[in-house]
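A, B, ... follow the sequence lines: proteins, then strands. Residue 1 opens every chain. Computed from a predicted structure; not experimentally measured.
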Protein chains: 2
Amino acid sequence: MARLDRAAVLAGAWAFIEVHGLDALTMRKLASSLGVNHGTLYWHVESKQALIDALADDVLEGVVDRRETGSVGIARLLELAYSLRAALLTHRDGARVLAGTFVRQPNTLAFGEAAIGAAREAGAGDRDAVLLAFSVQYYVTGFVIEEQAAHDLLRTEAAHERAEIAAERFPLVAAGLRTLRNTPRDNQFDYGLKLLVRRQEDPR
Amino acid sequence: MARLDRAAVLAGAWAFIEVHGLDALTMRKLASSLGVNHGTLYWHVESKQALIDALADDVLEGVVDRRETGSVGIARLLELAYSLRAALLTHRDGARVLAGTFVRQPNTLAFGEAAIGAAREAGAGDRDAVLLAFSVQYYVTGFVIEEQAAHDLLRTEAAHERAEIAAERFPLVAAGLRTLRNTPRDNQFDYGLKLLVRRQEDPR
DNA sequence: ACCTGAACACCGTTCAAGT
DNA sequence: ACCTGAACACCGTTCAAGT
């Protein structure tokens with residue numbers, strides 16, 4: 001068994017979350033899944049919270065760099081948003097891991113920097129560029145949190161008791177969910193994103 | 001000491017969260033804050049998770065009804081968004097309580113129903129109305145989660161170590177945060193919201 | 001109907017002691 | 001430098017027994 005290091009602890013944590021979910025993550029269970037006494041983890045990581053903070057920054061690893069396709073302005077901003085969602089979806093409960101803590105670590109800041117930069121390239125003024133970039137970020141986070149929460153629910157809940165919405169009391173929601181079931185997730189995501197970004201792209 | 005009931009447990013939980021935050025909430029501490037043996041809570045509430053689910057729906061209590069001002073269409077949709085944010089801000093960690101679980105309970109559904117209805121009044125087609133209403137919801141959730149996370153952080157972290165962003169590496173973020181500090185939260189919120197809702201309001 | 005007390009199977013964190 | 005073992009102060013949940 002190779003010696004443990006911080007990276008191995010993070011990888012082990014992701015593997016555990018993948019199988020059991022964030023809520024089931026425990027220092028003791030994580031340790032035993034790594035074949036190590038649970039006290040050992042504290043040599044590599046300061047606390048459980050510090051571990052989760054590290055996971056949060058880890059989610060965003062490479063989001064900015066991986067898709068350096070040379071696009072600029074609004075196209076780049078859209079690309080960053082897609083890339084952010086993809087990164088959050090890479091790991092189970094990724095959005096909750098990131099949103100749970102107010103992270104100010106390298107990758108988070110790098111994303112903000114790239115997003116504001118893209119908005120500026122699109123011709124937005126100082127203030128508008130920041131507000132637009134952050135609005136996109138809020139939307140992406142909110143979208144994926146709900147996306148993954150729904151996914152986790154269906155994972156645990158028996159499919160047959162999918163809690164049919166009381167169609168008499170909430171007809172629009174009931175019909176709406178049927179509509180969404182026929183609309184690919186990517187398109188749903190795109191819809192709101194394009195609304196946020198529209199005027200800059202196509203000011204008619 | 002008046003007899004405990006389910007409503008008193010919920011109220012006690014909110015009071016506890018207000019002071020100590022969601023992460024510190026414990027069935028045992030909650031029980032002792034209510035002056036009761038901790039086993040007792042399980043008479044009123046099925047489990048800690050069920051308690052949190054109940055809190056989640058409780059956050060949205062009255063969001064739809066409280067502000068029945070008679071406005072319709074986009075104006076009503078905006079009103080619902082403001083009302084939703086206000087409700088989430090009413091309780092500490094309100095957004096995390098709501099977003100943590102995928103709730104399908106009365107108040108959540110009522111909000112969806114009202115939002116889709118408003119979008120339809122604005123002239124959106126079946127599909128667009130649903131997508132727009134949900135996009136607004138994602139944005140509001142994402143915004144307030146970040147808003148409250150930042151607030152909790154400043155509550156606990158000594159003000160003097162506000163982790164000045166490395167301005168050399170992330171100049172746009174550093175300048176952006178200064179800009180935001182001079183922009184009222186309500187205006188920041190409004191900015192993205194209006195982007196989402198713009199075309200319907202002012203299709204030029 | 002509501003509550004207590006005690007038990008059970010867990011937690012996160014610390015730290016001397018080993019290698 | 002990294003890990004074990006044991007301890008400490010906690011958890012959520014259950015359930016007989018009381019009133």
Side-chain angles (χ1 to χ4, degrees), chain A residues 1-58 92-93 96-97 100-103 152-153 156-157, chain B residues 1-58 92-93 96-97 100-103 152-153 156-157:
Chain A
M1 179 78 67
R3 211 98 178 202
L4 209 60
D5 61 4
R6 191 180 162 91
V9 171
L10 293 193
W14 279 129
F16 185 94
I17 290 172
E18 203 59 41
V19 178
H20 302 104
L22 177 62
D23 293 333
L25 180 67
T26 267
M27 294 301 268
R28 297 169 106 105
K29 287 193 201 138
L30 173 58
S32 97
S33 83
L34 290 166
V36 107
N37 189 291
H38 62 271
T40 303
L41 292 182
Y42 290 84
W43 179 264
H44 300 284
V45 104
E46 300 83 340
S47 65
K48 185 181 181 183
Q49 189 54 56
L51 169 60
I52 291 176
D53 287 352
L55 291 175
D57 202 55
D58 199 42
R92 180 172 174 189
D93 291 331
R96 258 167 78 213
V97 167
T101 56
F102 187 68
V103 197
D152 276 17
L153 189 77
T156 55
E157 192 176 298
Chain B
M1 179 77 67
R3 211 98 179 200
L4 209 59
D5 60 5
R6 190 181 163 91
V9 172
L10 293 191
W14 279 129
F16 185 93
I17 290 172
E18 203 60 41
V19 179
H20 302 103
L22 177 62
D23 293 333
L25 180 66
T26 268
M27 294 300 268
R28 296 170 106 105
K29 287 192 200 140
L30 173 56
S32 98
S33 84
L34 290 166
V36 106
N37 189 291
H38 61 271
T40 302
L41 292 182
Y42 290 85
W43 179 263
H44 300 286
V45 104
E46 301 83 340
S47 65
K48 186 181 182 184
Q49 189 54 57
L51 169 61
I52 291 177
D53 287 351
L55 291 175
D57 202 55
D58 200 42
R92 180 171 173 190
D93 291 332
R96 257 167 79 214
V97 167
T101 56
F102 186 67
V103 197
D152 277 17
L153 189 77
T156 55
E157 193 175 296

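- Put simply, the side chain of Val45(B) reaches to within 4.5 Å of the side chain of Met27(B), judged on heavy atoms.
- The stretch residues 45-54 of chain B touches DNA chain D through Ser47(B), Lys48(B), each having a heavy atom under 4.0 angstrom from the strand.
- Distance CZ (Arg28(A)) to P (dT13(C)): 11 Å, rounded to an integer number of Å.
- Thr40(B) has a side-chain polar atom (N or O) that falls below the 4.0 Å cut-off from OP1 or OP2 of dT4(C).
- Considering all non-hydrogen atoms of both residues, Leu34(A) and Gly12(A) come closest at CD2-CA, 4.0 Å.
- What separates CG of Asp23(A) from P of dC11(D) is a distance of 18 Å, to the nearest Å.
- Trp43(B) has a side-chain polar atom (N or O) that falls below the 4.0 Å cut-off from OP1 or OP2 of dC2(C).
- In this structure, the side chains of Leu55(B) and Ile17(B) come closer than 4.5 Å at one or more pairs of heavy atoms.
- Within the 4.5 Å cutoff, no side-chain heavy atoms of Arg92(A) are placed close to those of Val19(A).
- Contact of the Leu4(A) side chain with the Trp43(A) side chain is not registered, since no non-hydrogen atoms from C-beta on lie closer than 4.5 Å.
- Taking only side-chain atoms of Arg3(A), from C-beta outward, the nucleotide of dT4(C), dC2(D), dA7(C) with the closest atom is dC2(D).
- Considering only heavy atoms from C-beta on, His20(A) stays 4.5 Å or farther from Leu25(A) through its side chain.
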**OP:** Please report the C-alpha distance between Gln49(B) and Ile52(B) in whole Å, then the side-chain angles of each, then the deciding distance to 0.1 Å, and finally whether the side-chain contact (heavy atoms from CB on, under 4.5 Å) criterion is met.
**Re:** CA-CA 5 Å; Gln49(B) 189 54 57; Ile52(B) 291 177; 4.3 Å; yes
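- Minimum heavy-atom separation, Ala24(A) to Lys29(A): O-NZ, 3.8 Å.
- Stem list for DNA chain D (at least 3 consecutive Watson-Crick or G-U pairs, distances under 3.5 Å): C:4-8 with D:12-16, C:12-16 with D:4-8.
- In this structure, CE of Met27(A) is placed 16 Å from C1' of dC10(C), rounded to the nearest angstrom.
- Using a 4.0 Å cut-off, some side-chain N or O of His44(A) falls inside it from OP1 or OP2 of dC3(D).
- Residue Asn37(B) has its side chain nearest to dG5(C) when only dG12(C), dG5(C), dC2(D) are considered.
- His38(B) comes within contact range of at least one nucleobase, with a heavy-atom separation under 4.0 Å.
- For the pair Phe16(A) CZ and dC11(C) C1', the computed distance is 13 Å after rounding to whole Å.
- The CG-P distance, from Leu41(B) to dC11(D), rounds to 13 Å in whole Å.
- Nucleic acid contact class of Thr26(B) (heavy atoms, under 4.0 Å, all strands): sugar-phosphate only.
- Distance from the side chain of Val36(A) is smallest to dC3(D) among dA7(D), dA7(C), dC3(D).
- OP1 or OP2 of dT13(D) sits under 4.0 Å from a side-chain N or O of Tyr42(B).
- Considering only heavy atoms from C-beta on, Leu41(A) stays 4.5 Å or farther from Leu51(A) through its side chain.
- Leu30(B) places none of its side-chain heavy atoms less than 4.5 Å from the side chain of Lys48(B).
- Comparing Ala24(B) and Asp5(A) by the nucleotide of DNA chain D whose heavy atom lies nearest to each, the residue mapping closer to the 5' end is Asp5(A).
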